[in-house]
**Q** 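Right, I'll just put the structure down here and ask away after.
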Amino acid sequence: MSRAVMGCWSLIIFQLMFVLYDTVYAPVAMPVTENLAVMLRLYVCIALAILVLVLKSEVCRPVGREALLVATLWGVIGLAAWLAVRENHLRCFLELYALGVVPLVGIVLMQLRFVSALLLSAGGMAIVMSVALSVAMPYAHMDFAIVFVFMAFCLFSLIASFRIEFSARHAYLMTSIDQLRLQDVESRNAELQEMACLDPLTQLYNRRHLIEVLKQHHGDAQQAKNGVSASYPVPPLPCLALMMMDVDHFKAFNDHYGHVAGDNCLYQIAQALQETLDREKGAGIAGAPEGKEAALASVVRFGGEKFTALVAVRDLEHARSLAEAMRYAVKSLKLPHRESELGVVTLSVGLCVIPLSRLLEGEGMEDEMTRDMAVETLLSRWVDQADKGLYRAKRHGRNRTCVQRGNGNGKTRAQASDDLHDERQNAQHDEHKAELPDPRPPMGGAGLS
């Protein structure tokens with residue numbers, strides 16, 4: 001459109017030059033019949049100025065815009081040819097030699113498409129040839145010279161149009177190929193990154209994913225600190241629960257049943273843990289907007305027979321309930337384990353609950369690498385705390401959940417390890433169950449410490 005506007009202004013200047021010629025030189029040597037040429041060319045300038053306004057208003061589609069430009073250029077050529085026929089004067093015939101500038105402006109300056117340029121040239125040639133062959137010229141072979149000059153302008157303009165359009169199409173194709181290659185590279189990189197974060201045996205995320213999850217929770221903490229916006233309609237849950245889960249007597253399981261059976265056992269446990277976590281999403285575990293739940297509420301294979309999960313929870317009781325649900329889900333698989341006291345595969349869980357606000361410790365650090373290192377340091381501390389709870393669960397008989405209380409700075413306090421084995425605690429627990437019925441089947445056996 002900008003090129004079309006520039007071409008219109010060029011034609012206006014071209015017409016004004018003829019007006020200047022007609023009003024200054026022509027009246028002295030060769031008078032103009034009633035100044036008709038001057039008036040018509042001024043009308044053409046006004047029409048071109050209106051065309052500029054129409055083009056800038058974008059009321060025409062690209063195809064309609066090109067058709068309008070071609071018709072206008074035909075009109076400019078036809079006007080000059082008509083004046084030459086009407087006035088039948090040498091100076092008017094000489095002006096026909098300059099008509100080749102019109103298709104030159106349209107094809108090269110306005111850069112019409114090659115098809116439109118071809119139509120413009122063919123129409124212009126028809127107008128010039130009809131004038132040159134139908135009117136008696138003052139000199140012999142002048143009609144041939146006029147047609148030849150106009151045809152030369154059109155020919156060279158068409159060659160330029162073809163090369164310009166060919167270069168533009170070639171550049172477009174090359175750019176498209178580069179974009180496709182870039183998309184392919186980005187897709188492959190995303191697949192490789194996904195593979196790097198996935199455990200091939202269990203199809204769970206691996207421990208590298210914990211850092212990314214913690215960074216997303218860090219973003220949630222910032223949203224909570226800055227206030228909930230329209231783009232973030234759900235406030236994050238106030239606490240983070242880190243659960244370290246270990247399969248009880250798994251080495252003995254491998255020794256008795258073999259490593260193939262051990263791998264199958266780990267796969268079934270992984271699926272049971274993830275399915276349990278997915279079911280609990282409705283209870284508010286993943287306090288993130290839709291689209292982030294899968295990343296923020298996922299079980300991770302930490303290594304060997306050890307699993308972990310870092311999820312947002314409401315409070316300690318919410319975390320306890322989730323940990324017990326996951327422990328019970330593994331026990332409910334009833335995978336045979338002759339080396340275990342219960343005869344089935346069980347899980348021990350170490351639980352550490354931390355306020356989400358602890359993630360803002362690195363706030364204000366301008367260096368992103370420094371901020372990431374601070375997040376990784378916090379995660380290491382929390383993993384260490386949850387590990388202590390896991391070791392306590394192992395020491396106190398396995399198949400249980402032990403809470404390791406901490407504030408996120410490495411200082412921890414172990415909760416009593418055999419609370420649910422105490423009769424008084426069992427009574428309170430049963431009373432609480434009666435008040436708030438749990439849809440989950442009874443856990444039996446060992447419990448929560």
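Values reported hereafter were calculated over all heavy atoms of this structure, with side chains retained and with hydrogens, waters and symmetry mates removed. In what follows, residues are counted from 1 in the order of the sequence shown. In this text the structure is predicted, and so the values were computed from the model without any measurement.
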**Q** Considering only heavy atoms from C-beta outward, does the side chain of Ile164 approach that of Ile107 to under 4.5 Å?
**A**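 No. Closest side-chain heavy atoms not under 4.5 Å.
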**Q** Is it the case that more than 12 heavy atoms not belonging to Tyr43 sit under 6.0 Å from its OH atom?
**A**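 Counting neighbours around OH of Tyr43, 12 or fewer heavy atoms of other residues, nucleotides or ligands fall under 6.0 Å, so no.
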**Q** Let me confirm one number: the OG-CG distance from Ser298 to Asp278, rounded to the nearest 0.5 Å.
**A**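 Output value for this atom pair is 9.0 Å.
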**Q** Set out, in order, the CA-CA distance, both residues' side-chain angles and the distance that settles side-chain contact (heavy atoms from CB on, under 4.5 Å) for Leu204 and Phe307, then state yes or no.
**A** CA-CA 10 Å; Leu204 297 178; Phe307 300 89; 3.9 Å; yes
**Q** Mind checking whether Lys306 and Asp246 have side chains closer than 4.5 Å, heavy atoms only?
**A**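 Side chain of Lys306 against side chain of Asp246, heavy atoms only: contact under 4.5 Å found.
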**Q** CE of Met326 to OG1 of Thr276: how many Å apart, nearest 0.5 Å?
**A**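 That separation rounds to 6.5 Å.
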**Q** CH2 of Trp82: more than 12 outside heavy atoms within 6.0 angstrom?
**A**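 Atom CH2 in Trp82 is packed in, count exceeds 12.
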**Q** Verify, without hydrogens or angle tests, whether Glu165 (side chain) and Arg113 (backbone) share a donor-acceptor contact under 3.5 angstrom.
**A**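 Judged by distance alone, no pair lies under 3.5 Å.
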**Q** Is the shortest side-chain heavy-atom distance between Leu333 and Val345 below 4.5 Å?
**A**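 No. Closest side-chain heavy atoms not under 4.5 Å.
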**Q** Kindly compute the distance separating CE (Met174) from OG (Ser176), expressed to the nearest 0.5 Å.
**A**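 Output value for this atom pair is 8.5 Å.
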**Q** Is a side-chain N or O of Gln271 found less than 3.5 angstrom from the main chain of Thr202, in a donor-acceptor match?
**A**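 Such a contact is found between Gln271 side chain and Thr202 backbone.
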**Q** Is it true that, when you exclude Tyr267 itself, more than 12 heavy atoms of the residues, nucleotides or ligands shown sit nearer than 6.0 Å to its OH?
**A**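 No, because the 6.0 Å sphere around OH of Tyr267 holds 12 heavy atoms or fewer from other groups.
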**Q** Mind listing the closest non-hydrogen atom pair of Ala160 and Val108 along with its distance?
**A**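 Shortest heavy-atom contact: CB-CG2, 4.2 Å.
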**Q** Strictly below 4.0 Å, N to O, side chains only: are Arg188 and Glu191 in salt-bridge contact?
**A**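 Looking at Arg188 and Glu191, the cut-off is not met.
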**Q** Just so I know, are the side chains of Met110 and Cys8 near enough to count as touching, which here means a heavy-atom distance under 4.5 Å?
**A**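 Yes, close enough: below the 4.5 Å cut-off.
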**Q** If every non-hydrogen atom of Asn254 is compared with every non-hydrogen atom of Gly262, which pair is closest and at what distance?
**A**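 Looking at all heavy atoms of both residues, the shortest contact is OD1-CA, 3.2 Å.
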**Q** side-chain contact (heavy atoms from CB on, under 4.5 Å), that's the test. Do Arg207 and Val383 meet it? Break it down for me.
**A** CA-CA 11 Å; Arg207 59 192 303 172; Val383 167; over 6 Å; no
**Q** Which heavy atom of Ala323 sits nearest a heavy atom of Val349, and at what distance?
**A**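 What the structure gives for the nearest pair is CB-CG1, 4.1 Å.
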**Q** Looking at CG of Leu322 and CE of Met243, how far apart are the two atoms once the value is rounded to the nearest 0.5 Å?
**A**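 Rounded to the nearest 0.5 Å, the CG-CE separation comes to 4.0 Å.
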**Q** From His170 NE2 over to Phe166 CZ, what is the distance, rounded to the nearest 0.5 angstrom?
**A**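 Answer for the NE2-CZ pair, His170 versus Phe166, is 6.0 Å.
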**Q** State whether the side chain of Ser187 and the backbone N or O of Gln183 hold a donor-acceptor pair below 3.5 Å, judged by distance alone.
**A**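 No, because the side chain of Ser187 does not come within donor-acceptor range (under 3.5 Å) of the backbone of Gln183.
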**Q** Decide side-chain contact (heavy atoms from CB on, under 4.5 Å) for Leu347 and Val247; before the verdict, give the C-alpha distance in whole Å, the side-chain angles of both, and the deciding distance to 0.1 Å.
**A** CA-CA 5 Å; Leu347 200 68; Val247 183; 4.1 Å; yes
**Q** Could you tell me which non-hydrogen atom of Ala80 sits nearest to which non-hydrogen atom of Leu96, and how far apart they are?
**A**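 Smallest heavy-atom distance, with atoms named: O-CD2, 4.1 Å.
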**Q** Taking Ser161 for its side chain and Ser157 for its backbone only, find out whether a donor-acceptor pair lies under 3.5 Å.
**A**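 Here the side-chain-to-backbone pair does not exist.
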**Q** Does Met129 CE have over 12 foreign heavy atoms under 6.0 Å away?
**A**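 Counting other residues, nucleotides and ligands, CE of Met129 stays at 12 neighbours or fewer.
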**Q** Which distance, rounded to the nearest 0.5 Å, do you find between the OG1 of Thr308 and the CG of Leu390?
**A**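 One gets 9.5 Å once the value is rounded to the nearest 0.5 Å.
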**Q** Find out whether Leu42 and Leu16 are in side-chain contact, i.e. whether some heavy atom of one side chain is under 4.5 Å from a heavy atom of the other.
**A**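 The answer is yes; the side chains approach within 4.5 Å.
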**Q** For Phe156, does the CZ atom have more than 12 heavy-atom neighbours from other residues, nucleotides or ligands under 6.0 Å away?
**A**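 Atom CZ in Phe156 is not crowded, with 12 or fewer foreign heavy atoms closer than 6.0 Å.
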**Q** With side-chain contact (heavy atoms from CB on, under 4.5 Å) as the criterion, how do Leu109 and Arg3 come out once you've worked through the C-alpha distance, each side chain's angles and the decisive distance to 0.1 Å?
**A** CA-CA 7 Å; Leu109 189 58; Arg3 290 193 299 266; over 6 Å; no
**Q** I'd like to check Val105 versus Phe14 (side-chain heavy atoms, cut-off strictly below 4.5 Å). Are they in contact?
**A**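 Counting from C-beta outward, Val105 and Phe14 never come under 4.5 Å.
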**Q** Considering only heavy atoms from C-beta outward, does the side chain of Leu198 approach that of Tyr205 to under 4.5 Å?
**A**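 Sidechains of Tyr205 and Leu198: in contact.
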**Q** Could you tell me which non-hydrogen atom of Cys265 sits nearest to which non-hydrogen atom of Phe250, and how far apart they are?
**A**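 So the two residues come closest at SG-CE1, 4.3 Å.
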**Q** Should Tyr97 and Met142 count as side-chain neighbours, where that means a heavy-atom distance under 4.5 Å?
**A**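 The answer is yes, as the side chains (C-beta and beyond) meet within the 4.5 Å cut-off.
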**Q** Between Ile127 and Gly78, which heavy-atom pair has the shortest distance, and what is it?
**A**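 What the structure gives for the nearest pair is CG2-CA, 4.0 Å.
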**Q** Please answer whether the main-chain N or O of Glu317 pairs with a side-chain N or O of Ser321 as donor and acceptor at a distance below 3.5 Å.
**A**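 No, because the side chain of Ser321 does not come within donor-acceptor range (under 3.5 Å) of the backbone of Glu317.
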**Q** Is the count of non-hydrogen atoms from other residues, nucleotides or ligands lying under 6.0 Å from Met17 atom CE greater than 12?
**A**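 Atom CE in Met17 is not crowded, with 12 or fewer foreign heavy atoms closer than 6.0 Å.
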